[in-house]
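Below is one structure; the comments refer to it alone.
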Amino acid sequence: MVATKLTTLMKKCSTVKHAKQIHAQIITNNLTHLEPIFIHRILLCDITNYKTISNYILSILHHLRNPDSFSWGCVIRFFSQKGQFVEAVSLYVQMRRIGLCPSSHAVSSILKSCARVEDDLCGLLIHGHVHKFGFDACVYVQTALLDLYCKIGDVVTARKVFDEMPDKNVVSWNSLLSGYIKGGNLDEGQRFFDEIPLKDVISWNCMVSGYAKAGKMDRACYLFQQMPERNFASWNTMITGYVDCGSIVEARELFDAMPRRNSVSLITMIAGYSKSGDVHSARELFDQMDDKDLLSYNAMIACYAQSSKPKEALDLFNVMLKPDSSLHPDKMTLASVISACSQLGNLEHWRWIESQINNFGIVLDDHLATALIDLYAKCGSIDKAYELFHGLRKRDVVAYSAMIYGCGINGRASDAVELFERMAGECIIPNLVTYTGILTAYNHAGLAEEGYRCFISMKDNGIVPSVDHYGIMVDLLGRAGWLDEAYKLIMKMPMQPNVGVWGALLLACRLHDNLKLGEIAVQHCIKLESETAGYYSLLSGIYATVGKWNDAKKLTTGVEGKKIIKIPGCSWTQLV
DNA sequence: CTAGGGTTAG
């Protein structure tokens with residue numbers, strides 16, 4: 001019997017090529033009545049190339065002589081499961097236009113799609129269909145409905161749906177539990193969790209995840225230990241929890257204690273090490289991965305970019321692009337790569353990045369555009385940066401900060417101030433980075449008084465200046481010749497001044513030939529950093545200017561070479 | 001229904 005044989009083959013089918021062969025045989029044997037079943041089977045295929053298979057599935061659907069509710073339902077479920085939610089919704093609309101009644105597959109899938117894109121309007125419309133087409137007793141549809149209400153934040157209605165369900169399975173319980181947890185209602189969640197008649201591993205994971213996300217690791221750990229069974233997600237949730245509250249050591253202990261690890265475990269640890277600044281350990285784990293996927297590369301490249309290692313980030317990006325790797329970079333990859341490029345501040349990278357974006361068909365979103373704004377601004381093309389900035393869908397604190405800093409380093413202080421004020425007008429609270437930008441702008445323009453006023457106003461926004469902000473201020477006051485004020489500011493610092501702060505004062509002393517403060521500054525500089533040649537050179541410069549030739553000579557004897565120190569708020573300054 | 005990734009400074 002050909003039909004039986006083909007059905008068996010379809011069950012085993014796992015590639016597009018194979019599916020097409022079977023499909024051809026169905027056509028030649030005139031077995032088109034099998035096609036709805038065929039679609040159902042192919043949906044079970046585990047095929048990695050979603051794009052190709054999506055188009056193929058659609059072409060089958062459109063070539064069916066009589067596509068019925070079942071066929072449509074299968075296809076809609078396929079798109080929903082593959083994360084193509086918008087496509088799924090559009091297919092549902094098409095199906096309704098033909099006048100077909102939706103199957104339970106179609107309705108539950110479309111509810112899931114609405115939930116994922118948080119489209120409450122479409123969701124409410126489908127809620128009507130649930131009654132209209134008689135799915136009040138279908139546990140799948142009802143569960144999808146209650147999950148939709150959880151996802152759009154309406155737990156009360158979700159509870160109502162739940163209470164009216166004639167049948168409930170563990171997924172229904174878990175969905176509502178997840179709704180309570182997501183809404184931050186841990187106590188209510190715990191009470192509900194205790195009521196679940198047959199808890200599965202997901203019920204437990206959900207509860208553990210709730211405590212972990214709230215930073216209550218003690219409670220999460222207590223539950224974790226009581227779990228009757230654990231899967232990858234259980235362990236990975238705990239690791240994420242420890243990483244998020246900065247306990248990288250505990251995270252690692254758990255990671256090592258896992259009976260088996262998957263790529264999520266490794267990526268979570270890599271991101272954790274990245275956050276704690278341990279690039280070496282991150283790379284060690286990355287190298288241990290057998291099959292590195294896109295997300296592993298993204299995590300490692302991001303780690304380098306965030307740890308001021310742009311060169312390494314770009315090197316790894318190039319490894320990823322090797323012809324045999326078949327990995328296709330996405331927005332996440334490019335965001336880190338752009339960040340790396342702008343750290344290098346090299347104009348050549350600009351064109352290269354643009355070609356990469358085009359090559360890989362990456363569509364700019366606000367995140368990526370913000371990274372590009374930074375790149376353009378650092379390359380001195382403030383107009384291009386502005387162009388992108390105006391094109392943003394939503395301008396957040398990061399975008400404003402990048403733009404303000406960009407104006408600052410390009411000597412456009414008035415633009416920076418205007419942006420800063422417009423930002424306040426939009427009720428966006430500036431953060432530490434924003435103040436670094438605006439103070440840098442004042443510094444570059446030599447606007448000491450305005451800069452100082454801005455610095456003082458930081459506390460109005462509840463921002464505590466960091467040591468770097470003090471560095472910029474000392475530089476700003478010092479360059480303006482207000483050396484005593486700069487020194488007083490250092491004395492009032494609530495934290496230990498670093499070499500950047502004292503270096504800025506020393507530089508200002510050289511600029512204005514202030515020997516008294518210069519000697520103090522240089523003492524602190526050499527105490528904080530043993531490489532002292534540059535500091536002594538500066539001091540000897542002051543001695544020379546004020547005519548103390550002997551002191552100058554004493555200092556310069558044995559001192560050779562140049563020293564580069566970093567003064568926050570200004571560019572790399574080479575001191576001779 | 002549970003677990004992993006991006007942008008601003010230094």
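Chain naming here is simple, since letters A, B, ... match the order of the sequence lines and numbering starts at 1 in each.
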Rounded to the nearest Å, what distance is computed from the CE atom of residue A/M495 to the P atom of nucleotide B/dG10? 16 Å
Hey, could you give me each pair passing salt bridge (charged side-chain N to carboxylate O under 4.0 Å, His left out) that has a residue in residues 248-274 of chain A? Not counting sequence neighbours. A/R252-A/D256
Report yes or no: is the cationic atom of A/K112 (NZ for Lys, CZ for Arg) closer than 6.0 Å to the six-membered ring centre of A/F85, at no more than 45° off its axis? no
Distance-only donor-acceptor hits, side chain of residues 375-383 of chain A, under 3.5 Å, sequence neighbours excluded:
| unit_1 | atom_1 | unit_2 | atom_2 | d |
| --- | --- | --- | --- | --- |
| A/Y376 | OH | A/E354 | OE2 | 2.7 |
| A/K378 | NZ | A/D374 | OD1 | 2.8 |
| A/K378 | NZ | A/D374 | OD2 | 3.0 |

Mind calculating the distance between CG (A/L176) and P (B/dC1) to the nearest angstrom? 13 Å
Side chain to side chain donor-acceptor pair (under 3.5 Å) partners of residues 288-303 of chain A, not counting sequence neighbours, each pair once: A/D293-A/S296, A/N298-A/D330, A/N298-A/T333
Scan nucleotides 2-7 of chain B nucleotide by nucleotide, 5' to 3', and note B when protein non-hydrogen atoms come under 4.0 Å of the base, S if they reach only the sugar-phosphate, - if neither. BBBBBB
In whole angstrom, what separates A/H444's NE2 from B/dA9's P? 13 Å
Could you state the atom-to-atom distance from CG of A/L375 to P of B/dT8 in whole Å? 11 Å
Could you tell me how far apart A/M165 (CE) and B/dC1 (P) are, to the nearest whole angstrom? 13 Å
Who passes side-chain hydrogen bond (donor to acceptor under 3.5 Å, both in side chains) against A/Y400, sequence neighbours left out? A/E426
With a 4.0 Å cut-off on heavy atoms, is A/K378 in touch with a base, just the backbone sugar-phosphate, or nothing at all? sugar-phosphate
Sorted by chain and residue number, the side chain to side chain contact (heavy atoms under 4.5 Å, CB included) partners of A/A144 (sequence neighbours excluded) come out as A/S108, A/L111
Does B/dT8 have OP1 or OP2 under 4.0 Å away from a side-chain N or O of A/Y435? no
Could you tell me how far apart A/Y470 (OH) and B/dG10 (C1') are, to the nearest whole angstrom? 17 Å
Atom CG of A/N431 to atom C1' of B/dG10: distance rounded to whole Å? 14 Å
